[in-house]
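Below is one structure, written out as structure tokens; comments come after it.
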Amino acid sequence: MTTPTRTEIKRYRPQDVERRWREHWAASGLYRTPDHVPGRENWYALTMFPYTSGDLHIGHWFAMAPSDALARWRRMRGHNVLFPMGFDAFGLPAENAAIKGSLHPYDWTMANIERMRRQLQSMGAMFDWSREVNTSAPEYYRWTQWWFLQLYRMGLAYRAAANANWCSSCQTVLANEQVVDGRCERCDTVVVQRRMEQWFLRTTRYADELLQHDELDWPEHVKLMQRNWIGRSEGAEVSFALEQPASDGTTEIRVFTTRPDTLFGVTFIVLAPEHALVDALTTPSQRAAVDAYVEAAARTTEIERQSTERAKTGVFTGVYCVNRLNGARVPIWIADYVFSTYGTGAVMAVPAHDQRDFEFAQQYGLEAPVVIAPPDYDGAPLAAAYVELGTLVASGRFDGLPNEEAKRAIAAHLAEQGWGGPSVVYRLRDWLISRQRYWGAPIPIVYCEACGIVPVPEAELPVRLPYDVEFLPTGQSPLALSEAFVQVECPQCGAAARRETDTMDTFMCSSWYFMRYPDAQNGATAVARPAADAWLPVDQYTGGAEHATMHLLYARFFYKAARDAGLVPGDEPFTRYFAQGQILGPDGRRMSKSRGNVVAPDGQVERWGADVFRAYLMFLGPWEQGGPYDVDGIVGVSRWLHRLWSVAVEAPAFGTHGSGDVDAAAARELRAVAHRTLARVTDDLVRYRMNTYIAALMELTNALHRAREAGPVDRGAWDEALRLATLMLAPACPHLAEELWERRGGAYSVHEQVWPEPDAALLERATVELPVQVNGRLRDRVEVPAGVAEVDVRALVEARPRIAEQLAGRRVVRVIYVPDRLVNFVLGDAAS
RNA sequence: GCCGAAGUGGCGGAAUUGGCAGACGCGACGGUCUCAAACACCGUUGGGGGCAACCCCGUGCCGGUUCGAGUCCGGCCUUCGGCACCA
């Protein structure tokens with residue numbers, strides 16, 4: 001195929017322009033980002049890397065193209081901008097594809113990466129491909145394993161037996177964050193609980209710090225989601241003395257409550273069926289009932305268990321404890337409305353002041369004494385729990401205290417007596433990272449009969465994934481079936497030992513990838529401190545808010561651990577974060593193959609060109625909002641760029657200075673339009689308003705077009721306006737801007753030019769069109785000098801026939817004059 | 001149930017601090033070029049009334065504040081998102 005030389009191109013042919021410049025950019029290394037450039041500050045712009053599922057989705061374009069525009073704009077503003085790209089390449093889909101037949105996960109993934117890299121390159125983004133990462137490459141996962149070992153050493157990784165969320169379809173356990181409404185986030189299968197030995201990361205250690213968002217320039221709703229997810233509750237821990245020690249010697253039950261003020265209203269204690277003491281407490285006469293209940297609870301799915309509609313059930317253990325505050329004898333029950341994983345797994349029940357306890361008490365005929373008096377309380381039994389504010393009654397020495405005050409007073413009293421005290425608990429659970437699957441980074445641990453849990457020495461990393469394994473969904477990792485993988489010498493004593501066969505959750509890989517880009521090629525460490533100091537933390541992160549309580553939380557946890565290990569600067573990984581919306585199918589529903597509403601980016605690029613497609617995605621609407629992809633609308637953007645091409649390439653008739661055929665005012669106005677656009681656009685980019693950025697450029701193009709059609713144009717003004725238009729276009733449509741820049745004699749590359757400053761003098765308007773209102777209704781418009789005084793405006797306006805007619809015979813009560821904005825005559829009744 | 005965000009033409013959307021509602025674009029309608037067409041070009045386009053100049057109505061609903069409300073306040077309705085037997 002022959003490429004036409006550029007003088008032959010009369011018409012805008014995006015495909016030719018784009019191919020030519022992509023090749024040129026690559027050849028000239030325009031997007032290579034050194035760690036330091038004298039005189040330029042570093043700026044780390046990052047958009048979430050894609051999962052290697054096979055094809056670049058339109059959603060990827062929607063996320064990445066505007067991010068690229070912003071990165072380019074930062075570059076023009078004088079920063080040395082790092083804008084890297086890579087692949088999130090481990091994970092279940094690769095393995096599921098292998099199980100279905102055909103390809104090995106490695107081959108499947110590598111083929112996808114090849115395809116997606118090509119698709120990404122068609123975007124014309126300023127990615128520095130020399131820093132590409134692939135999380136499934138040994139050169140990368142070696143360091144994921146290394147991170148695991150650092151966390152282990154810091155006491156942030158531990159192994160424990162626990163009830164884990166098991167997806168029978170994916171044949172693996174899932175983290176809490178990956179269970180949505182009791183179902184597997186990935187395949188919608190109902191999750192069941194399985195008790196297993198698993199590896200956890202101690203995210204809860206940083207719970208309080210993770211709640212600290214004050215320094216972060218993030219969307220409020222994302223911060224809120226994280227706050228809700230972490231779920232900090234303040235209250236008190238209270239110890240209840242067992243009447244008789246349990247069979248294991250335990251003498252107390254500890255509960256967590258947010259309502260220590262209701263402690264005098266406790267009429268029973270409830271343990272979760274899974275509570276460690278249940279077995280040791282239960283009396284022989286209640287044993288059969290309790291065992292049956294515990295067993296039934298174990299069979300209940302989380303969905304059933306968490307349903308609030310279900311009637312409350314429970315069983316008495318046969319045992320009592322004592323409320324130390326008032327000596328009351330309190331029966332201990334078990335019930336599945338109490339969760340073993342929250343607080344102490346036991347609650348003190350106050351039926352009068354907690355709706356759940358109230359329902360339970362009604363069910364089993366338990367007392368509900370009122371200890372916080374509702375207003376005008378007559379002593380009659382309550383119809384529902386009273387949970388509002390009130391004053392304490394029947395609470396001994398605390399009677400008469402407002403209940404909020406009583407919370408503190410009783411908690412303090414408990415602490416004094418050694419019966420408990422103030423306490424804080426979190427909804428957040430530690431992060432379960434074990435996966436019983438093949439396509440992930442092996443957990444670098446060896447189990448030795450003699451030495452126990454032994455970390456693999458760093459020098460022996462990576463623990464490589466063997467290629468030849470059986471992909472049978474057996475419920476244990478395929479690695480367990482590979483004797484060659486499992487059998488190993490203990491690194492400590494040399495005896496025969498076994499490797500851990502589970503792999504890590506892929507969110508491990510993505511929790512630190514942004515730390516790798518600064519030092520992507522380093523074979524000696526994950527990220528060297530100088531590289532980390534050069535780039536971290538990320539200045540601008542963009543990506544979907546669906547990651548609010550997963551990736552974005554995990555990455556923050558990781559970064560804090562990295563900080564504590566002295567590896568990275570600062571406390572937070574992402575200084576600024578912007579959450580773009582989700583792009584939907586033309587029918588307004590989520591794009592999916594099964595719905596048949598998928599719009600392939602490749603097709604759009606082929607038909608319209610990458611620049612048109614990029615600009616259209618930005619133009620669609622507010623970036624944070626997303627919305628349906630309207631296949632027909634893109635033609636408007638295409639028309640715009642063709643028109644801009646025409647305006648830039650086909651010069652107008654130029655007038656000569658002083659000959660009178662060029663109007664000085666028109667020349668000034670053309671320049672002013674360009675500078676006003678520049679001011680608007682700069683503000684739009686600061687505020688991520690990509691849609692109005694594009695709209696402003698369209699308006700400028702229309703103004704240029706009108707000026708050209710209107711007759712002779714001042715050459716200086718024309719050139720200046722067009723120069724600004726090209727520079728402003730560069731972030732959004734990098735190929736076309738480069739082409740127009742070159743055609744108009746600009747030095748390579750437009751992307752290395754400085755973003756211009758608007759000329760303040762041109763932003764001032766000599767005259768303004770002032771709306772004239774009478775009683776708040778628009779009646780006229782009048783052209784006045786900017787900033788003109790009120791008296792002059794009045795004189796001018798009152799002389800206008802339309803206004804004079806309105807004012808005739810009526811009294812002007814007031815005149816509101818907002819300079820350059822509006823004038824409003826407020827009339828009273830008819831004047832005499 | 002609790003928390004959060006959003007409701008503007010046929011459609012996507014725009015509108016500093018309260019100050020010309022509907023920028024920009026799609027679609028539609030009319031026209032030009034063309035044998036024909038559009039990924040071309042020009043024009044019209046919130047609704048209603050009027051020959052016209054113009055007038056009235058209009059930003060989810062009801063009320064309020066104000067000279068003036070898409071924007072502020074109170075009360076609802078709808079949609080979307082998060083959390084939810086979390087003590």
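Residue numbers begin at 1 in each chain, while the letters A, B, ... track the order of the sequences. Computed from a predicted model, the values in this text were never measured in an experiment.
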Give one of base, sugar-phosphate or nothing for A/N691, where a contact means two heavy atoms less than 4.0 Å apart.
sugar-phosphate
Output field: ring centroids A/F613/A/W608 closer than 6.0 Å
no
Within the 4.0 Å heavy-atom criterion, would you say A/N702 contacts the bases, only the backbone, or no part of the nucleic acid?
sugar-phosphate
Contact class for A/P628 (heavy atom, under 4.0 Å): base, sugar-phosphate, or nothing?
nothing
Per the O4'-C1'-N9-C4 / O4'-C1'-N1-C2 angle with a 90° window around 0, B/G9 comes out syn
Backbone N/O of A/A368 and side chain of A/T267: donor-acceptor pair under 3.5 Å:
no
Examine B/G81: is either OP1 or OP2 under 4.0 Å from a nitrogen or oxygen in the side chain of A/N228? Give yes or no.
no
Could you tell me whether A/R305 and A/E274 have a side-chain N and a carboxylate O separated by less than 4.0 Å?
yes
A/S233 side chain N/O closer than 4.0 Å to the phosphate oxygens (OP1, OP2) of B/A87?
yes
Applying a 4.0 Å non-hydrogen cut-off, can you work out what A/R777 is touching in the nucleic acid: base, sugar-phosphate, or nothing?
sugar-phosphate
May I ask you to evaluate whether A/H705 reaches the phosphate of B/C42, defined as a side-chain N or O under 4.0 Å from OP1 or OP2?
yes
Is the phosphate of B/C42 approached by A/R643 (side-chain N or O, under 4.0 Å from OP1 or OP2)?
yes
Closest-nucleotide mapping onto RNA chain B: is A/A695 or A/G621 further toward the 5' terminus? I mean the 5' end.
A/G621
Under 4.0 angstrom, heavy atoms only, what part of the nucleic acid is A/R429 near: base, sugar-phosphate, or nothing?
base
At 4.0 Å (heavy atoms only), tell me whether A/V637 reaches a base, stays on the sugar-phosphate, or touches nothing.
nothing
A/W333 and A/Y364: aromatic ring centres closer than 6.0 Å?
yes
Could you pick out which residue, A/D357 or A/R687, lies toward the 5' side of RNA chain B when each is mapped onto its nearest nucleotide?
A/R687
Under 4.0 Å from OP1 or OP2 of B/A40: is there any side-chain N or O of A/R639 that close?
yes
Answer yes or no: does a side-chain N or O of A/R13 lie under 4.0 Å from OP1 or OP2 of B/C39?
no
Checking side chain to side chain contact (heavy atoms under 4.5 Å, CB included) against A/R779, which of A/V797, A/N824, A/I803 comes through?
A/I803
side-chain N/O A/Q773 vs B/C67 OP1/OP2, d < 4.0 Å
no
Is A/S638 touching bases, backbone alone, or none of the nucleic acid, heavy atoms closer than 4.0 Å?
nothing
Quickly work out the A/L778 CG to B/A69 P distance and round it to whole Å.
14 Å
Taken to the nearest whole Å, CH2/A/W229 to C1'/B/C2 is 16 Å
A/R689 side chain N/O closer than 4.0 Å to the phosphate oxygens (OP1, OP2) of B/A15?
yes
Just to confirm, is there a sub-4.0 Å distance from OP1 or OP2 of B/G18 to any side-chain nitrogen or oxygen of A/R821?
no
